[in-house]
Amino acid sequence: MFKKQVGIVILIIAIFTVSGFGTIQAAENFPSWITTENFVPPKGAKMASEKFNGKLSFTTTDMHMKTTPEGKMIKNPWAWWGIFDFMAKQDPKGAIPLFSLDANLFPGLAVEFFTTVDGDLVPVERGIIRRPIKERTASFWELIVGPGKVWKVADNVTKWKGWNKAAFPFSLVQSQEGEAMLGLGFFYYKGTEVSKLFFQVSNDTAGGFIFWDPDFDVTGWGEAGTSYASYEIKNLGTLKEAYNYEKAKRLPMKPISELGSAVSGLGGDINQDNILTMAFVKDDVIYYSPIKTPFGEYPYPYGMRVGVWSMTKSLIPGMAAMRLAEKYGTDFLETKIVDYFKEGKEFKYIDAASKARWKMVTIGHALDMRSGMGPVNYDKNWAMDNVNSYQWGYSYDLADQIRFYFNQKPNPEVNGPGKKFAYIDQDMWAATLAMERFLKKKEGSKATILNMLIEEVYKPIGVDYFVTGTGYTKSNEIGFPYSAWGALLTLDYLAKTGKLIANMGMSDNGKSILKKDLIEDLFTSSEYQLSFWKNTFKKGNKEFLVTRMSGAGGNYIFNMPNGIVGIVLGYDSYNHTWSDKQKTTIFEAADKIKPFK
């Protein structure tokens with residue numbers, strides 16, 4: 001099987017807006033430096049005259065925000081929703097109040113950087129940069145920073161003559177939501193002197209918390225104060241070696257136009273106003289369309305972190321289940337979830353009927369979304385009057401989340417688990433936590449499901465920095481992943497993740513990472529299974545199954561039976577989705593590249 005799929009082709013489609021993009025109009029009152037060409041070295045730029053090593057701290061700063069429709073962006077999201085009083089009551093003494101956290105503020109956080117001989121500006125922390133709740137900034141946002149560039153300012157630039165310039169991509173993110181607003185920043189430096197940070201933001205991926213309008217668009221910019229502490233980064237040699245290795249493993253990128261007519265018609269009549277980029281990966285080369293923003297083409301596709309909403313269900317609990325099955329067999333899928341928790345100490349059953357039903361629910365039931373517990377569907381689960389779901393999803397303390405998870409009665413439409421699909425986010429989180437406790441029994445108390453995924457699944461396939469939202473901790477260490485949403489990945493990482501499924505769980509060097517039998521089984525049923533959706537593609541008198549990782553807002557990874565993978569990413573619309581007919585255009589394109597058989 002593996003040898004037959006050596007010539008894997010991966011299709012990546014992400015959503016981009018054509019209307020309104022292009023030259024920035026003077027009437028918008030944007031600063032001249034805001035266009036994306038100012039965040040990359042110009043043609044003929046010279047190497048920076050000095051390195052930049054140390055910590056750069058930003059001041060919490062007002063962003064100049066422009067929204068369409070005007071005024072639709074929510075300034076204080078936690079207050080606006082009207083349901084998070086229970087969170088506000090948990091604010092530690094001295095913390096900035098939850099309801100004051102402002103989505104119009106750039107966060108005053110700090111980033112350690114180092115530079116390489118090739119002129120790359122590399123952040124030391126590649127995950128979410130945040131503080132413990134007690135020390136949080138006044139901004140709603142946190143940061144993820146990607147590698148950028150440094151170069152010498154041209155001699156004809158009078159104001160900054162003799163200085164160097166540094167630029168980098170970032171995403172404004174929020175740990176509990178998985179939202180990621182794309183951004184770019186640059187600053188000038190000379191010796192220990194550093195200018196302000198000049199930044200711009202646009203294209204909100206996995207959005208929905210800071211706005212609720214189908215036609216929402218947002219752009220912003222600002223100039224944040226900075227302070228710089230110059231010092232030699234700890235373990236610098238090791239970090240540079242790791243970064244060089246990371247670069248070497250990146251999949252090359254070329255224009256999608258080089259693929260010709262095979263990719264025409266993708267999406268059919270899909271609304272293009274929520275499309276970010278399109279790409280195919282063929283023979284380990286990513287052919288992608290320019291990543292459009294209102295300020296020009298996004299210049300750092302390798303560093304672009306996007307939110308993918310519920311695609312996370314496949315990326316965390318789904319992948320974790322298949323990894324555990326490869327290591328320890330599949331019997332754990334039949335174990336009861338309640339057996340991993342302590343009744344009376346961690347939770348209480350609501351009543352006898354609930355207890356009887358809970359005692360039947362397995363990890364496998366939860367991963368298939370057939371637990372038979374809780375509300376009958378997604379809308380009922382997240383209705384504003386169902387406070388229990390919000391208390392589960394947003395409580396800071398893991399112990400509270402456990403208590404609220406089990407604070408549910410049986411689904412009244414079924415007489416037991418395994419009977420009917422019901423989209424309940426909590427089940428994915430609970431399955432992940434149960435799998436972590438299973439893992440601890442096997443490997444010790446320090447074992448975590450997230451660390452297993454990072455070290456044993458993602459790093460071996462070239463995903464060196466898998467990032468997802470996790471609960472907050474007092475020590476600012478990584479908490480438990482929300483698991484049902486929150487993953488923040490790049491195109492390169494999504495491509496490699498798709499390849500892993502296409503390779504039937506094998507790495508490029510032939511190492512078995514995931515349970516092959518479970519992946520093969522995904523292609524035998526059209527039902528939701530192990531956190532994967534399915535699509536059917538008809539070709540003549542034949543019918544093919546296509547597995548799908550799926551997230552709200554039009555986020556998909558398709559795994560087709562011919563080894564081709566398709567990826568679709570959406571932005572600026574929580575409710576944007578592709579119809580079955582529109583999805584079929586992806587399967588048709590894949591079939592043209594490599595016929596389904």
Side-chain angles (χ1 to χ4, degrees), residues 54-63 65 73-112 123-125 127-145 170-181 183 185 196-197 199 201 209-210 220 222-229 231 346 387-388 390-404 450 467-482 486 488:
K55 180 186 291 186
L56 187 64
S57 300
F58 308 124
T59 301
T60 300
T61 303
D62 279 309
M63 296 188 284
M65 305 299 286
M73 182 167 170
I74 301 166
K75 179 179 173 64
N76 304 110
W78 296 113
W80 182 87
W81 282 93
I83 200 170
F84 294 110
D85 288 354
F86 69 91
M87 283 180 65
K89 292 176 181 178
Q90 298 175 32
D91 282 343
K93 184 178 181 180
I96 294 175
L98 180 78
F99 288 168
S100 297
L101 299 184
D102 192 337
N104 287 344
L105 291 178
F106 183 85
L109 297 166
V111 185
E112 280 190 309
V124 174
E125 176 56 64
I128 298 175
I129 299 171
R130 66 184 189 182
R131 296 177 183 171
I133 297 169
K134 187 175 182 178
E135 303 168 26
R136 63 191 173 199
T137 75
S139 174
F140 170 79
W141 300 107
E142 296 151 350
L143 278 176
I144 295 182
V145 177
F170 67 85
S171 292
L172 295 178
V173 301
Q174 206 288 320
S175 292
Q176 291 166 289
E177 274 297 295
E179 201 151 348
M181 188 179 296
K196 291 181 178 180
L197 175 73
F199 66 88
V201 294
F209 202 75
I210 62 167
E223 300 178 9
T226 62
S227 62
Y228 175 47
Y231 53 82
E346 291 188 292
V387 180
N388 189 77
Y390 292 88
Q391 290 173 315
W392 158 76
Y394 294 92
S395 288
Y396 295 133
D397 195 326
L398 185 66
D400 287 335
Q401 288 184 290
I402 292 170
R403 181 164 51 86
F404 288 118
L450 189 55
V467 178
T468 189
T470 70
Y472 292 95
T473 60
K474 293 181 179 180
S475 63
N476 209 31
E477 295 178 352
I478 293 174
F480 188 76
Y482 291 100
L488 297 152

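Worth knowing before you read on, the calculation uses all heavy atoms, side chains too, and leaves out hydrogens, waters and symmetry mates.
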For [X] and [Y], work out which heavy atoms get closest and say how close.
{"X": "Lys474", "Y": "Pro132", "value": "O-CG, 3.7 Å"}
{"X": "Val145", "Y": "Pro123", "value": "O-CG, 3.4 Å"}
{"X": "Ile74", "Y": "Phe209", "value": "CD1-O, 3.7 Å"}
{"X": "Asn476", "Y": "Arg131", "value": "OD1-C, 3.4 Å"}
{"X": "Ile133", "Y": "Ala95", "value": "O-CB, 3.6 Å"}
{"X": "Gly479", "Y": "Thr470", "value": "N-OG1, 3.1 Å"}

is_close_aromatic(Phe404, Phe86), centroid dist under 6.0 Å: no
Centroid separation Trp81 to Phe99 less than 6.0 Å: no
Kindly write out the residues that satisfy ring-ring contact (aromatic ring centres under 6.0 Å, His included) with [X], not counting sequence neighbours, or none if the list is empty.
{"X": "Trp392", "answer": "Trp429, Trp485"}
{"X": "Tyr396", "answer": "none"}
{"X": "Tyr228", "answer": "Phe52"}

Enter the distance from [X]:[atom1] to [Y]:[atom2] here, rounded to the nearest 0.5 Å.
{"X": "Trp141", "Y": "Ile128", "atom1": "CH2", "atom2": "CD1", "answer": "12.0 Å"}
{"X": "Glu112", "Y": "Ile129", "atom1": "CD", "atom2": "CD1", "answer": "9.5 Å"}
{"X": "Leu143", "Y": "Gln174", "atom1": "CG", "atom2": "CD", "answer": "12.5 Å"}
{"X": "Leu98", "Y": "Phe140", "atom1": "CG", "atom2": "CZ", "answer": "9.5 Å"}
{"X": "Gln176", "Y": "Met87", "atom1": "CD", "atom2": "CE", "answer": "4.5 Å"}
{"X": "Tyr390", "Y": "Ile83", "atom1": "OH", "atom2": "CD1", "answer": "5.0 Å"}

Expected output: side-chain [X] to main-chain [Y] donor-acceptor under 3.5 Å:
{"X": "Glu142", "Y": "Ser175", "result": "yes"}
{"X": "Trp78", "Y": "Ser100", "result": "no"}
{"X": "Thr137", "Y": "Ser139", "result": "yes"}
{"X": "Thr61", "Y": "Thr59", "result": "yes"}

Would a 4.5 Å heavy-atom cut-off, applied to side chains only, mark [X] and [Y] as touching?
{"X": "Glu177", "Y": "Tyr394", "answer": "yes"}
{"X": "Gln90", "Y": "Ser395", "answer": "yes"}
{"X": "Leu172", "Y": "Met63", "answer": "yes"}

N-O pairing of Asp91 and Arg136 below 4.0 Å: yes
Stepwise ring-ring contact (aromatic ring centres under 6.0 Å, His included) test for Phe58 and Phe170: CA-CA 13 Å; Phe58 308 124; Phe170 67 85; 8.3 Å; no
Residues forming a side chain to side chain donor-acceptor pair (under 3.5 Å) with Glu125, sequence neighbours excluded: none
Partners meeting side chain to side chain donor-acceptor pair (under 3.5 Å) with Gln391 (sequence neighbours left out): none
Residues which pass salt bridge (charged side-chain N to carboxylate O under 4.0 Å, His left out) with Lys75, listed by chain and number, not counting sequence neighbours: Asp102
Neighbour count above 12 (heavy atom, 6.0 Å) for Ile478 CD1: no
